[in-house]
Amino acid sequence: MGTIVDAAYTEGNKSALSVKKPKVVFVLGGPGSGKGTQCANIVEHFGYTHLSAGDLLRAEINSGSESGTMIQNMISEGTIVPPEITIKLLEKAILESENDKFLIDGFPRNEENRATFESVTGIVPKFILFFDCSEEEMERRILSRNQGRVDDNIETIRKRFKVFVESSLSVINYYNSKGKVKKIDAGKPVAEVFEAVKAVFNPVDDKVNLLPRCYPIEFGRYVMYHRTI
Ligand SMILES: Nc1ncnc2c1ncn2[C@@H]1O[C@H](COP(=O)(O)OP(=O)(O)OP(=O)(O)O)[C@@H](O)[C@H]1O
Ligand SMILES: Nc1ccn([C@@H]2O[C@H](COP(=O)(O)O)[C@@H](O)[C@H]2O)c(=O)n1
Ligand SMILES: [Mg+2]
């Protein structure tokens, strides 16, 4: 029987994450904007661990957890699961990983998600990657996704768009007011979107760029080697 772990991971109200202090990037955008697709590329290229809040909730349903039925109903309706549940799942996944840098995809989804995560974990995201895409394109993509998701039908898609506009955009606006949002035009083909994503990540995150590169600069008879990284 799957359970949502708490006692092992928290001491009183304080999250064990305040000790681990992972580097976190929130990946936000409308349903079908390409968050999961681009996260897979970022993992490959920059060595982050990808945590999709939606995937963690679906796994919780499949584990037979006592919250499973409630989560299943909320996903089918496109509504947002209470933050205590989603945050516990994220917390557990981060603590079980040996990595220290994470892409948190599809979270925070509303102000309650955001404020609770901040107060429970004390984590401040490095930045927010926001995939901006038209509803027409997102709808087209979801309807041809074919992954058997219960919420990939036109009725639930419309509800998810409404929730995104009414609840999730305010989170993006909040972080934008703090200068933390990196907006990406996500309406382009996958490879082009990834080019824009790559430009956002610091070169020191680049796995193919980990060795310092030196190039010579000549000053008269002296040659200095300038290190780039
Ligand atoms: N730039 C793109 N151009 C065309 N199709 C794309 C692009 N990015 C992703 N897709 C496709 O669109 C569908 C949705 O992409 P993805 O699952 O990555 O979106 P998402 O933002 O994670 O959606 P959700 O919020 O519903 O989980 C997938 O079938 C994916 O292959
Ligand atoms: N923070 C979150 C994230 C997701 N949900 C629920 O899961 C559904 C699917 O999410 P995807 O990111 O995989 O599209 C979403 O519609 C919500 O019902 C959530 O409650 N809280
Ligand atoms: Mg996704």
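Remember, it's 1-based here, ligands and their atoms both numbered in the order they're listed. No experiment lies behind these values; they were computed from the predicted model shown.
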Numbered atoms and elements of ligand 2 in range of [X], under 4.0 angstrom, heavy atoms:
X      : value
Gly106 : 1 (N), 2 (C), 3 (C)
Ala53  : 1 (N), 3 (C)
Asp151 : 9 (C)
Arg58  : 9 (C), 13 (O)
Asn113 : 1 (N)
Gly54  : 10 (O), 13 (O)

Do Asn110 and Ser167 have side-chain atoms, one donor and one acceptor, less than 3.5 Å apart? no
State which residue, out of Asp105, Leu103, Val200, fulfils the side chain to side chain contact (heavy atoms under 4.5 Å, CB included) condition with Ile42. Leu103
Validation: residues 24-35 side-chain donor-acceptor distances under 3.5 Å, sequence neighbours left out:
unit_1	atom_1	unit_2	atom_2	d
Ser33	OG	Gly30	O	2.7
Lys35	NZ	Gly29	O	3.2
Lys35	NZ	Gly30	O	3.0

Look at atom 6 (C) of ligand 2 and say which protein heavy atom is nearest, naming residue and atom and giving the distance to 0.1 Å. Leu57 CD1, 3.7 Å
Identify the protein heavy atom lying closest to atom 7 (O) of ligand 2, giving its residue, its atom name and the separation to 0.1 Å. Ile75 CG1, 3.6 Å
Does a salt bridge link [X] with [Y], judged by any charged N lying under 4.0 Å from a carboxylate O?
X      : Y      : value
Lys88  : Glu91  : no
Glu96  : Lys92  : yes
Glu155 : Lys159 : yes
Lys20  : Asp100 : no

Mind checking whether [X] contacts ligand 2 via backbone (N, CA, C, O), side chain (CB onward), both or neither, at a 4.0 Å heavy-atom cut-off?
X      : value
Arg160 : side chain
Arg149 : side chain
Met74  : backbone
Asp105 : neither

Does Pro83 offer a backbone N or O that forms a donor-acceptor pair with the side chain of Thr116 under 3.5 Å? no
Other residues, nucleotides and ligands only: do more than 12 of their heavy atoms fall within 6.0 Å of NZ on Lys126? no
Is there a path of hydrophobic side-chain contacts, each under 4.5 Å between heavy atoms, that joins Leu90 and Val120? yes
For ligand 2, which is the ligand I care about here, please tell me if Asp55 has any N or O atom under 3.5 Å from one of the ligand's N or O atoms. no
Ligand 2 and Arg109, any nitrogen or oxygen pair closer than 3.5 angstrom? yes
What's the verdict on ring-ring contact (aromatic ring centres under 6.0 Å, His included) for His45 and Phe194, showing C-alpha distance, side-chain angles and the deciding distance? CA-CA 10 Å; His45 208 88; Phe194 189 52; 5.7 Å; yes
Lys101 charged N/C atom sitting above Tyr48 aromatic ring, 6.0 Å / 45°: yes
Contacts table for ligand 1: protein N or O within a distance under 3.5 Å of ligand N or O, distances only.
unit_1	atom_1	unit_2	atom_2	d
ligand 1	1 (N)	Arg141	NH2	3.3
ligand 1	1 (N)	Lys188	O	2.8
ligand 1	1 (N)	Val190	N	3.4
ligand 1	3 (N)	Arg141	NH2	3.4
ligand 1	17 (O)	Arg145	NH1	2.8
ligand 1	18 (O)	Gly36	N	3.4
ligand 1	18 (O)	Thr37	N	2.8
ligand 1	18 (O)	Thr37	OG1	2.6
ligand 1	19 (O)	Gly34	N	3.2
ligand 1	21 (O)	Ser33	N	3.3
ligand 1	21 (O)	Gly34	N	3.0
ligand 1	21 (O)	Lys35	N	2.9
ligand 1	21 (O)	Lys35	NZ	2.9
ligand 1	22 (O)	Gly36	N	3.0
ligand 1	23 (O)	Gly32	N	3.0
ligand 1	23 (O)	Arg145	NH1	3.2
ligand 1	25 (O)	Lys35	NZ	2.7
ligand 1	26 (O)	Arg145	NH1	3.2
ligand 1	26 (O)	Arg145	NH2	2.8
ligand 1	26 (O)	Arg160	NH2	2.8
ligand 1	27 (O)	Arg149	NH1	3.0

Heavy-atom nearest neighbour of atom 17 (C) of ligand 2 within options Val163, Val81, Thr79, Ile80: Thr79
After noting the C-alpha distance and the side-chain angles of Asn173 and Ser170, does the key distance pass the side-chain hydrogen bond (donor to acceptor under 3.5 Å, both in side chains) rule? CA-CA 5 Å; Asn173 288 335; Ser170 64; over 6 Å; no
